[in-house]
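Reading through the structure tokens given below for one structure.
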Amino acid sequence: MKPTKDDVERIDREGLYKDYESWPEQAEQAMKIVVDLKEREVDKIVYCGMGGSGCAGDIIQDLSFNKQDIPPIFVVKGYHLPNFVDSSTLVLAVSYSGETEETLTALEDALKRNCIVVGLSSGGRLEKICVENGIKHVKLGKALTPRTALPSILYSTLIILSKLGYELVSAYELNNAIDTLRRVRSSIGVLNNLEMNEAKQIAYHLHDGYPIIYGTQEYRGVLIRFKNSLNENAKMHALVEVLPEACHNDIEAWYPSALNTRALFILEERDVKLKKRFDTLMELVEKAGSKYHIIYTKEDTLFKKLMSTLYLLEYTTLYLAVLRGIPPAPTPNITLLKNRIRLHQQA
Ligand code: PA5
């Protein structure tokens, strides 16, 4: 089946694809947020968030890797803050719904430790706790799911960090990346057919095997995000591997009797040092009887590269869901678990 617009609309009953279509506008909206924050001196930053709300933290951490004058950034995906968190720590508590148990627990902990806290959510208990405690809260833009609200979460967080004196991406670059998203959308949208649409081509490549995705360190957050959306939208298991580390372990699993795998490589043309590693991996993938697809990232700044790759891969997960005949928006297993936790808390 070619995922035509009709196919997408038939399977994606909730219209998740419309959220993806609006990513450039979502980012544009987030650029307009008014946050009345003054510069603050902090010596570490902790980003707390789960699933779709946590991914922006991974990407922000990757963006900070080569920056100077930015305190170390840690990402917490769980209930507990690390021991080193104290009153000179900036804690960003991010939950799209504002109802996620782990993030709310970490937020309460940050308040007890007198941290400098900023909350981000579309509402929910997180907003309530912020209001009750006089903490700055930023309301996130509307989306059907937390994962499709990524531009809103990521842009809002980057703007908050800039206001506090920690600029990871300039306003100029943030705006440029919105143009990049628009350009990418014009080639991977639901109306673009398979021959010209890389997202649909990657979906075809991955749809009948177990995806293993390789990229370099700066794409770590993008890879995690892709895995999560493969899980949640396409209801598929997936594995992500970062190079060069994968060349010291994962590489051995390319064995003639490898599982029914499909490899995907995210490559930068300037990756001269890593080229031999990628080339060898590709050779081993073929020898193991598996297939691979390469994504070449060509943008001129890291932020644009990350945003364009994220967008391409999110659309891929949407098309994969359609190819598999599974509605991408509902996440019944996550809902089941969240309901059980809620009932347990009420008991
Ligand atoms: O994308 C999703 O729906 C999930 O990964 C959620 O983001 C996750 O369960 C956490 O919920 P929230 O983002 O509302 O805190």
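A quick note: this is a predicted structure, and the numbers were derived from the prediction, not measured. Counting starts at 1 for both ligands and their atoms, in listed order.
Within 6.0 Å of NZ in K44 there are more than 12 heavy atoms belonging to other residues, nucleotides or ligands. In D69, the CG atom is not crowded: 12 or fewer heavy atoms of neighbouring residues, nucleotides or ligands sit closer than 6.0 Å.
Scanning the protein heavy atoms around atom 14 (O) of ligand 1, the nearest turns out to be S97 OG, 2.7 Å. With respect to atom 12 (P) of ligand 1, the closest heavy atom belonging to the protein is T100 OG1, 3.2 Å.
In summary, the atoms of ligand 1 found under 4.0 Å from a heavy atom of S53, numbered by their order in the structure, are 7 (O), 12 (P), 13 (O), 15 (O). With ligand atoms numbered from 1 in the order given, ligand 1 contributes 12 (P), 14 (O), 15 (O) to contacts under 4.0 Å with heavy atoms of S95. Short contacts between ligand 1 and G51, defined as distances under 4.0 Å to a heavy atom of the residue, involve ligand atoms 5 (O), 7 (O).
Using a cut-off of 4.0 Å between Lys/Arg side-chain N and Asp/Glu carboxylate O, E108 and K112 are scored as not salt-bridged. K139 and E127 are joined by a salt bridge, as a carboxylate oxygen and a charged side-chain nitrogen come within less than 4.0 angstrom of each other.
Remark: distances from the non-hydrogen atoms of K338 to ligand 1 include one below 4.0 Å.
Here's the thing with R147: one of its N/O atoms is less than 3.5 angstrom from an N/O atom of ligand 1. Considering backbone and side-chain N/O atoms, G52 comes within less than 3.5 Å of an N/O atom of ligand 1.
Remark: the D7 side chain and the Y319 side chain contain no N/O donor-acceptor pair separated by less than 3.5 Å.
The six-membered or imidazole ring of F278 lies away from that of Y214, with a centre-to-centre distance of 6.0 Å or more. The ring of F84 has its center closer than 6.0 angstrom to the ring center of F74.
If you look at E232 next to ligand 1, the close heavy atoms, those under 4.0 Å, all belong to the side chain.
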